[in-house]
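Contents: one structure, followed by commentary.
Given the structure is predicted, the values throughout are model-derived calculations rather than measurements.
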Amino acid sequence: MGSFEFNFQHYLEVKRSVDDLALNRQVWNVLVNHTRRTAQRPLKLLEVGAGIGTMIQRAWEWGLVDNAIYTALDLDPANLFYAQGALVRWAHQNRTHLEKKTGRYHLQKGQRSLWVEFLAADAFAPGQSPFRSGAFDGIIAHAVMDLVNLEAGLSTLISYVRPGGWLYLTLNFDGLTQFLPLLTPDLDAQIIALYHQSMDERRFHGLPTGGSTTGRALFVLGPALGLDLMAVGASDWVVSPRHGKYQPEEADFLRSILYFVEDSLSRQALISPTTLSDWLAIRKEQIAHRELVFIAHQLDFLFRVPE
(Lines give C-alpha, C1' and ligand atoms only; values in the text may rest on other atoms or scores of the structure.)
Protein backbone atom coordinates (compact mmCIF):
# COMPACT_ATOMS: atom_id res chain seq x y z
CA MET A 1 0.00 0.00 0.00
CA GLY A 2 2.92 2.36 0.64
CA SER A 3 3.10 5.21 3.08
CA PHE A 4 1.29 8.53 2.76
CA GLU A 5 2.42 11.75 4.37
CA PHE A 6 0.06 14.68 3.96
CA ASN A 7 1.41 17.76 2.21
CA PHE A 8 -0.91 20.66 1.44
CA GLN A 9 0.62 21.61 -1.91
CA HIS A 10 0.50 17.96 -2.99
CA TYR A 11 -3.16 17.84 -1.95
CA LEU A 12 -3.91 20.89 -4.13
CA GLU A 13 -2.05 19.22 -6.99
CA VAL A 14 -3.96 15.93 -6.82
CA LYS A 15 -7.23 17.79 -6.26
CA ARG A 16 -7.05 19.45 -9.65
CA SER A 17 -8.41 16.53 -11.69
CA VAL A 18 -11.20 15.98 -9.15
CA ASP A 19 -12.10 19.68 -9.29
CA ASP A 20 -12.02 19.64 -13.11
CA LEU A 21 -14.74 17.01 -13.11
CA ALA A 22 -16.68 18.67 -10.30
CA LEU A 23 -16.85 22.28 -11.50
CA ASN A 24 -20.22 23.05 -13.05
CA ARG A 25 -19.53 23.64 -16.72
CA GLN A 26 -22.90 25.34 -17.31
CA VAL A 27 -22.01 28.00 -14.73
CA TRP A 28 -18.52 28.28 -16.22
CA ASN A 29 -19.93 28.74 -19.73
CA VAL A 30 -22.26 31.50 -18.54
CA LEU A 31 -19.20 33.26 -17.10
CA VAL A 32 -17.14 32.83 -20.28
CA ASN A 33 -19.97 34.07 -22.51
CA HIS A 34 -20.60 37.02 -20.20
CA THR A 35 -16.97 38.14 -20.22
CA ARG A 36 -16.76 37.84 -23.99
CA ARG A 37 -19.84 40.04 -24.41
CA THR A 38 -18.84 42.70 -21.91
CA ALA A 39 -15.02 42.92 -21.93
CA GLN A 40 -13.86 46.12 -23.65
CA ARG A 41 -10.28 46.08 -22.34
CA PRO A 42 -7.90 43.73 -20.56
CA LEU A 43 -9.97 41.90 -17.96
CA LYS A 44 -8.76 42.65 -14.45
CA LEU A 45 -9.23 39.56 -12.29
CA LEU A 46 -8.53 38.74 -8.66
CA GLU A 47 -8.40 35.21 -7.32
CA VAL A 48 -8.51 34.94 -3.54
CA GLY A 49 -7.10 31.74 -2.08
CA ALA A 50 -5.24 31.01 -5.31
CA GLY A 51 -3.29 28.13 -3.78
CA ILE A 52 -0.84 26.62 -6.24
CA GLY A 53 -2.36 28.37 -9.25
CA THR A 54 -4.46 25.62 -10.81
CA MET A 55 -7.31 28.04 -11.56
CA ILE A 56 -4.93 30.22 -13.61
CA GLN A 57 -4.14 27.23 -15.80
CA ARG A 58 -7.81 26.27 -15.97
CA ALA A 59 -8.88 29.81 -16.93
CA TRP A 60 -6.44 29.70 -19.85
CA GLU A 61 -7.25 26.15 -20.95
CA TRP A 62 -11.02 26.60 -20.65
CA GLY A 63 -11.14 29.91 -22.49
CA LEU A 64 -11.95 32.41 -19.75
CA VAL A 65 -8.93 34.63 -20.37
CA ASP A 66 -7.73 35.90 -23.74
CA ASN A 67 -6.60 39.37 -22.70
CA ALA A 68 -6.40 39.70 -18.94
CA ILE A 69 -4.45 40.84 -15.90
CA TYR A 70 -4.72 38.24 -13.13
CA THR A 71 -3.81 38.83 -9.48
CA ALA A 72 -3.36 35.50 -7.67
CA LEU A 73 -3.59 36.12 -3.93
CA ASP A 74 -3.01 33.64 -1.13
CA LEU A 75 -2.24 33.81 2.58
CA ASP A 76 0.57 31.27 2.33
CA PRO A 77 3.77 32.32 0.51
CA ALA A 78 4.68 28.63 0.19
CA ASN A 79 1.61 28.06 -1.98
CA LEU A 80 2.54 30.95 -4.25
CA PHE A 81 6.16 29.82 -4.52
CA TYR A 82 4.91 26.42 -5.63
CA ALA A 83 2.42 28.11 -7.99
CA GLN A 84 5.16 30.00 -9.81
CA GLY A 85 7.14 26.84 -10.48
CA ALA A 86 3.97 25.04 -11.55
CA LEU A 87 3.12 27.86 -13.97
CA VAL A 88 6.55 27.64 -15.59
CA ARG A 89 6.27 23.86 -15.98
CA TRP A 90 2.71 24.08 -17.31
CA ALA A 91 3.58 26.76 -19.89
CA HIS A 92 6.48 24.66 -21.15
CA GLN A 93 4.31 21.54 -21.42
CA ASN A 94 1.62 23.49 -23.28
CA ARG A 95 4.07 25.28 -25.58
CA THR A 96 2.90 28.64 -24.34
CA HIS A 97 5.39 31.50 -24.25
CA LEU A 98 6.09 32.65 -20.71
CA GLU A 99 8.46 35.31 -19.46
CA LYS A 100 8.86 37.21 -16.23
CA LYS A 101 8.83 41.00 -16.41
CA THR A 102 9.04 43.37 -13.44
CA GLY A 103 7.82 40.74 -11.01
CA ARG A 104 4.90 39.58 -13.16
CA TYR A 105 4.57 36.62 -15.48
CA HIS A 106 3.38 37.10 -19.05
CA LEU A 107 1.72 34.25 -20.90
CA GLN A 108 1.30 34.66 -24.63
CA LYS A 109 0.13 32.40 -27.43
CA GLY A 110 -0.91 33.93 -30.72
CA GLN A 111 -3.19 36.85 -29.92
CA ARG A 112 -3.87 35.62 -26.39
CA SER A 113 -2.21 37.46 -23.49
CA LEU A 114 -2.32 36.96 -19.74
CA TRP A 115 -0.36 38.87 -17.11
CA VAL A 116 -0.14 37.10 -13.72
CA GLU A 117 0.94 38.67 -10.44
CA PHE A 118 1.35 36.54 -7.31
CA LEU A 119 0.64 38.31 -4.04
CA ALA A 120 0.86 36.96 -0.48
CA ALA A 121 -1.77 38.89 1.50
CA ASP A 122 -5.08 38.54 3.33
CA ALA A 123 -7.96 39.85 1.25
CA PHE A 124 -10.27 39.67 4.27
CA ALA A 125 -8.15 41.36 6.97
CA PRO A 126 -10.42 43.87 8.73
CA GLY A 127 -9.32 47.42 8.05
CA GLN A 128 -6.29 46.30 6.03
CA SER A 129 -7.61 45.97 2.50
CA PRO A 130 -4.82 45.35 -0.02
CA PHE A 131 -6.96 46.69 -2.88
CA ARG A 132 -8.94 49.80 -3.67
CA SER A 133 -12.70 49.74 -4.08
CA GLY A 134 -13.89 48.62 -7.52
CA ALA A 135 -10.40 47.59 -8.67
CA PHE A 136 -11.45 44.42 -10.49
CA ASP A 137 -13.83 43.30 -13.22
CA GLY A 138 -14.25 39.92 -11.62
CA ILE A 139 -13.29 37.84 -8.59
CA ILE A 140 -12.71 34.10 -8.35
CA ALA A 141 -12.97 32.37 -4.97
CA HIS A 142 -12.41 28.66 -5.49
CA ALA A 143 -13.26 26.52 -2.43
CA VAL A 144 -12.83 29.56 -0.17
CA MET A 145 -16.15 30.84 1.14
CA ASP A 146 -16.70 28.04 3.67
CA LEU A 147 -13.34 29.00 5.24
CA VAL A 148 -14.15 32.67 5.93
CA ASN A 149 -16.98 34.50 7.63
CA LEU A 150 -19.62 34.44 4.93
CA GLU A 151 -21.27 37.84 5.34
CA ALA A 152 -18.09 39.79 6.12
CA GLY A 153 -16.11 37.94 3.45
CA LEU A 154 -18.67 38.33 0.71
CA SER A 155 -19.14 42.02 1.55
CA THR A 156 -15.38 42.52 1.26
CA LEU A 157 -15.23 40.78 -2.12
CA ILE A 158 -18.13 42.86 -3.41
CA SER A 159 -16.24 46.02 -2.49
CA TYR A 160 -13.33 44.96 -4.72
CA VAL A 161 -15.54 44.60 -7.83
CA ARG A 162 -16.56 47.46 -10.11
CA PRO A 163 -20.28 48.01 -10.72
CA GLY A 164 -21.34 45.51 -13.37
CA GLY A 165 -18.55 43.11 -12.44
CA TRP A 166 -18.94 39.57 -11.17
CA LEU A 167 -18.04 37.07 -8.47
CA TYR A 168 -17.43 33.43 -9.34
CA LEU A 169 -17.65 31.38 -6.13
CA THR A 170 -16.98 27.68 -6.53
CA LEU A 171 -17.04 24.41 -4.59
CA ASN A 172 -19.12 25.84 -1.74
CA PHE A 173 -19.71 22.87 0.54
CA ASP A 174 -23.36 22.16 1.25
CA GLY A 175 -23.77 19.64 4.01
CA LEU A 176 -23.38 16.19 2.49
CA THR A 177 -20.37 13.90 2.86
CA GLN A 178 -20.58 10.21 2.05
CA PHE A 179 -18.11 7.33 2.25
CA LEU A 180 -19.22 4.07 0.62
CA PRO A 181 -19.64 1.25 1.21
CA LEU A 182 -21.09 1.88 4.65
CA LEU A 183 -19.31 0.13 7.49
CA THR A 184 -21.47 0.56 10.58
CA PRO A 185 -24.22 3.01 9.60
CA ASP A 186 -24.46 4.62 13.05
CA LEU A 187 -20.69 5.04 13.32
CA ASP A 188 -20.40 6.40 9.77
CA ALA A 189 -23.14 8.90 10.53
CA GLN A 190 -21.46 9.93 13.79
CA ILE A 191 -18.09 10.48 12.16
CA ILE A 192 -19.57 12.54 9.32
CA ALA A 193 -21.66 14.60 11.76
CA LEU A 194 -18.57 15.35 13.86
CA TYR A 195 -16.61 16.22 10.72
CA HIS A 196 -19.31 18.71 9.71
CA GLN A 197 -19.40 20.03 13.27
CA SER A 198 -15.67 20.76 13.05
CA MET A 199 -16.36 22.89 9.97
CA ASP A 200 -19.08 24.80 11.82
CA GLU A 201 -16.77 25.48 14.77
CA ARG A 202 -14.00 27.03 12.67
CA ARG A 203 -13.16 30.70 13.20
CA PHE A 204 -11.53 33.21 10.84
CA HIS A 205 -10.54 36.60 12.19
CA GLY A 206 -12.50 35.67 15.32
CA LEU A 207 -15.77 35.13 13.42
CA PRO A 208 -17.55 31.88 12.51
CA THR A 209 -16.88 30.67 8.98
CA GLY A 210 -19.38 29.64 6.33
CA GLY A 211 -18.98 26.07 7.52
CA SER A 212 -20.91 23.03 6.38
CA THR A 213 -23.92 24.84 4.89
CA THR A 214 -22.17 27.57 2.90
CA GLY A 215 -23.80 26.57 -0.37
CA ARG A 216 -27.40 27.00 0.70
CA ALA A 217 -26.56 30.14 2.68
CA LEU A 218 -25.29 31.89 -0.47
CA PHE A 219 -28.74 31.59 -2.07
CA VAL A 220 -30.04 33.97 0.60
CA LEU A 221 -27.00 36.07 1.42
CA GLY A 222 -26.02 36.98 -2.13
CA PRO A 223 -29.30 38.71 -3.01
CA ALA A 224 -29.50 40.19 0.52
CA LEU A 225 -26.20 41.97 -0.21
CA GLY A 226 -27.55 43.25 -3.51
CA LEU A 227 -26.05 40.68 -5.87
CA ASP A 228 -27.79 39.39 -8.98
CA LEU A 229 -27.61 35.59 -9.30
CA MET A 230 -26.57 34.85 -12.88
CA ALA A 231 -25.99 31.09 -12.63
CA VAL A 232 -25.78 28.31 -10.06
CA GLY A 233 -25.21 24.59 -10.22
CA ALA A 234 -23.93 21.55 -8.38
CA SER A 235 -20.18 20.90 -8.30
CA ASP A 236 -20.03 17.67 -6.35
CA TRP A 237 -16.83 15.78 -5.72
CA VAL A 238 -17.48 12.20 -6.80
CA VAL A 239 -14.52 9.83 -6.60
CA SER A 240 -15.14 6.21 -7.44
CA PRO A 241 -13.10 3.41 -8.98
CA ARG A 242 -13.92 2.86 -12.65
CA HIS A 243 -13.06 -0.41 -14.35
CA GLY A 244 -11.48 -1.52 -11.08
CA LYS A 245 -9.11 1.42 -10.61
CA TYR A 246 -8.95 5.09 -9.68
CA GLN A 247 -7.91 7.79 -12.09
CA PRO A 248 -4.35 9.08 -11.61
CA GLU A 249 -3.93 10.95 -8.32
CA GLU A 250 -7.41 10.10 -6.99
CA ALA A 251 -6.05 7.70 -4.38
CA ASP A 252 -3.89 10.44 -2.84
CA PHE A 253 -6.86 12.79 -2.95
CA LEU A 254 -8.89 10.27 -0.94
CA ARG A 255 -6.03 9.76 1.52
CA SER A 256 -5.94 13.56 1.97
CA ILE A 257 -9.66 13.63 2.76
CA LEU A 258 -9.14 10.94 5.40
CA TYR A 259 -6.30 13.06 6.82
CA PHE A 260 -8.69 16.00 7.19
CA VAL A 261 -11.25 13.78 8.94
CA GLU A 262 -8.60 12.39 11.29
CA ASP A 263 -7.12 15.81 12.05
CA SER A 264 -10.52 17.40 12.70
CA LEU A 265 -11.92 14.64 14.89
CA SER A 266 -8.69 14.12 16.82
CA ARG A 267 -8.64 17.79 17.82
CA GLN A 268 -12.29 17.65 18.87
CA ALA A 269 -11.69 14.58 21.07
CA LEU A 270 -15.40 13.71 20.77
CA ILE A 271 -14.88 10.13 19.66
CA SER A 272 -12.74 7.32 20.99
CA PRO A 273 -9.27 7.44 19.40
CA THR A 274 -9.37 3.67 18.97
CA THR A 275 -12.77 3.78 17.27
CA LEU A 276 -11.60 6.51 14.90
CA SER A 277 -8.29 4.76 14.20
CA ASP A 278 -10.06 1.49 13.36
CA TRP A 279 -12.53 3.25 11.05
CA LEU A 280 -9.72 5.08 9.25
CA ALA A 281 -7.68 1.90 8.87
CA ILE A 282 -10.57 0.16 7.11
CA ARG A 283 -11.14 3.17 4.83
CA LYS A 284 -7.44 3.26 3.93
CA GLU A 285 -7.54 -0.43 3.10
CA GLN A 286 -10.52 0.25 0.84
CA ILE A 287 -8.45 2.85 -1.02
CA ALA A 288 -5.60 0.36 -1.40
CA HIS A 289 -8.03 -2.22 -2.80
CA ARG A 290 -9.76 0.40 -5.00
CA GLU A 291 -13.11 0.03 -3.26
CA LEU A 292 -13.80 3.38 -1.55
CA VAL A 293 -16.34 5.82 -2.99
CA PHE A 294 -16.36 9.42 -1.77
CA ILE A 295 -19.05 12.04 -2.42
CA ALA A 296 -19.23 15.65 -1.22
CA HIS A 297 -22.06 17.96 -2.27
CA GLN A 298 -21.01 21.46 -3.35
CA LEU A 299 -22.42 24.39 -5.33
CA ASP A 300 -20.96 26.90 -7.79
CA PHE A 301 -22.35 30.45 -7.96
CA LEU A 302 -21.93 33.28 -10.44
CA PHE A 303 -23.12 36.63 -9.09
CA ARG A 304 -23.20 40.05 -10.79
CA VAL A 305 -22.65 43.32 -8.95
CA PRO A 306 -25.35 45.78 -9.99
CA GLU A 307 -24.35 48.95 -11.82
CG of D74 to CG of L119, rounded to nearest 0.5 Å, is 10.0 Å
L258 side chain near E262 side chain, heavy-atom distance below 4.5 Å | no
Atom CD of E307 and atom CZ of R304: how far apart are they, to the nearest 0.5 Å?
-> 4.5 Å
Do D200 and S212 have a side chain donor and acceptor closer than 3.5 Å?
-> yes
Indicate if L157 and L31 have the same hydrophobic cluster label, given that clusters are the connected sets of ILVMFWY residues with side-chain heavy-atom separations under 4.5 angstrom.
-> no
Closest non-hydrogen atom pair between P241 and L292, with its separation = CD-O, 3.5 Å
Looking at side-chain heavy atoms only, is the closest gap between L46 and V48 below 4.5 Å?
-> yes
Hey, are K245 and E291 close enough for a salt bridge, meaning a charged N less than 4.0 Å from a carboxylate O?
-> no
Donor-acceptor contact below 3.5 Å, side chain S272 vs main chain T275 | yes
Between the OG1 atom in T96 and the CD atom in Q57, the distance rounded to the nearest 0.5 Å is 10.5 Å
Residue that, paired with S235, satisfies side chain to side chain donor-acceptor pair (under 3.5 Å) out of D300, T170, N172 = D300
Salt bridge check: are R283 and E285 linked by an N-O gap of less than 4.0 Å?
-> no
Among the clusters formed by ILVMFWY side chains lying less than 4.5 Å apart, do Y259 and I282 turn up in the same one?
-> yes
Side-chain contact, heavy-atom cut-off 4.5 Å: N67 with R112?
-> no
W60 and N94: side chain donor to acceptor below 3.5 Å = no
Go through the side-chain N and O atoms of Q190 and W279 and say whether any donor and acceptor fall under 3.5 Å apart.
-> no
Check whether any side-chain heavy atom of V144 sits under 4.5 Å from a side-chain heavy atom of L171, and report yes or no.
-> no
Could you give all pairs that pass the salt bridge (Lys or Arg N to Asp or Glu O under 4.0 Å) test and reach residues 157-179, with sequence neighbours left out?
-> D137-R162, D174-R216
Considering all heavy atoms, the nearest W28-L64 contact | CZ2-CB, 3.6 Å
Least distance between heavy atoms, G53 atom then A83 atom | N-CB, 3.8 Å
Straight-line distance of I140 CD1 to L169 CG, nearest 0.5 Å = 10.0 Å
Shortest non-hydrogen separation from A231 to L229 and the atoms involved | O-CD1, 3.5 Å
Between R16 and D19, does at least one N-O distance fall below 4.0 Å, as a salt bridge requires?
-> no
Are the side chains of L227 and V305 in touch, meaning some heavy atoms are under 4.5 Å apart?
-> yes
Check against side chain to side chain contact (heavy atoms under 4.5 Å, CB included), L221 and L150 | CA-CA 8 Å; L221 183 60; L150 204 53; 3.7 Å; yes
Kindly give the heavy-atom pair with the smallest separation between P223 and F303, and that separation in Å.
-> CD-CE2, 4.4 Å
May I ask you to decide if S240's main-chain N or O and R290's side chain share a donor-acceptor pair within less than 3.5 Å?
-> no
Are L12 and L147 connected in the hydrophobic side-chain network, where two residues link if heavy atoms are under 4.5 Å apart?
-> no
At what distance, to the nearest 0.5 angstrom, does CE of M145 lie from OG1 of T214?
-> 8.0 Å
Main-chain N/O of F131 paired with S129 side-chain donor or acceptor, under 3.5 Å = yes
Any side-chain heavy-atom pair from W166 and L45 closer than 4.5 angstrom?
-> yes
Any donor and acceptor pair, going by atom type alone, linking the side chain of R202 with main-chain N or O of G211 inside 3.5 Å?
-> no
Pairs touching residues 75-92 that satisfy salt bridge (Lys or Arg N to Asp or Glu O under 4.0 Å), sequence neighbours left out | none
Which of F173, Y195, Y11 passes ring-ring contact (aromatic ring centres under 6.0 Å, His included) with F260? It is Y11
Does the pair F124 and F204 meet the rule for a side chain to side chain contact (heavy atoms under 4.5 Å, CB included), with working shown?
-> CA-CA 9 Å; F124 304 101; F204 185 70; 3.7 Å; yes
For Y168 and H142, indicate whether the former's side chain and the latter's backbone hold a donor-acceptor pair under 3.5 Å.
-> no
Partners passing salt bridge (Lys or Arg N to Asp or Glu O under 4.0 Å) against R25 (at least two apart in sequence or in another chain) | none
Measuring from D252:CG to N7:CG, what's the distance to the nearest 0.5 Å?
-> 10.5 Å
Does the side chain of E117 pick up a donor-acceptor pair with the side chain of Y105 at under 3.5 Å?
-> no
Could you tell me whether R95 atom CZ has more than 12 heavy atoms of other residues or ligands within 6.0 Å of it?
-> no
Just jot down the side chain to side chain contact (heavy atoms under 4.5 Å, CB included) partners of Q197, sequence neighbours excluded, or say none.
-> L194, E201, Q268, L270
Pair listing, side chain to side chain donor-acceptor pair (under 3.5 Å) test, anchored in residues 144-157, at least two apart = none
K15/D20 ion pair, N-O < 4.0 Å | no
Taking the hydrophobic residues Ile, Leu, Val, Met, Phe, Trp and Tyr, and joining any pair whose side-chain heavy atoms are under 4.5 Å apart, which ones share a cluster with W115?
-> I69
Could you check if a side-chain atom of I56 sits within less than 4.5 angstrom of a side-chain atom of Y70, using non-hydrogen atoms only?
-> yes
Answer with yes or no whether the hydrophobic clustering places L98 together with F118; edges join I, L, V, M, F, W, Y residues whose side-chain heavy atoms lie under 4.5 Å apart.
-> yes
Are Q9 and N79 close enough that a side-chain donor and a side-chain acceptor fall under 3.5 Å?
-> yes
H106 atom NE2, over 12 foreign heavy atoms within 6.0 Å = yes
For the hydrophobic clusters of this structure (ILVMFWY residues joined by side-chain heavy atoms under 4.5 Å, transitively), does one cluster hold both L23 and V239?
-> yes
Neighbour count >12 (heavy atoms, 6.0 Å) for atom CD, E99 = yes
Identify the residue among L254, I295, V261, V293 that makes a side chain to side chain contact (heavy atoms under 4.5 Å, CB included) with F179.
-> V261
Any side-chain heavy atom of Y160 sitting closer than 4.5 Å to one from R132?
-> no
So, the side chain of D236 versus the backbone of V238: is there a donor-acceptor pair under 3.5 Å, distance only?
-> no
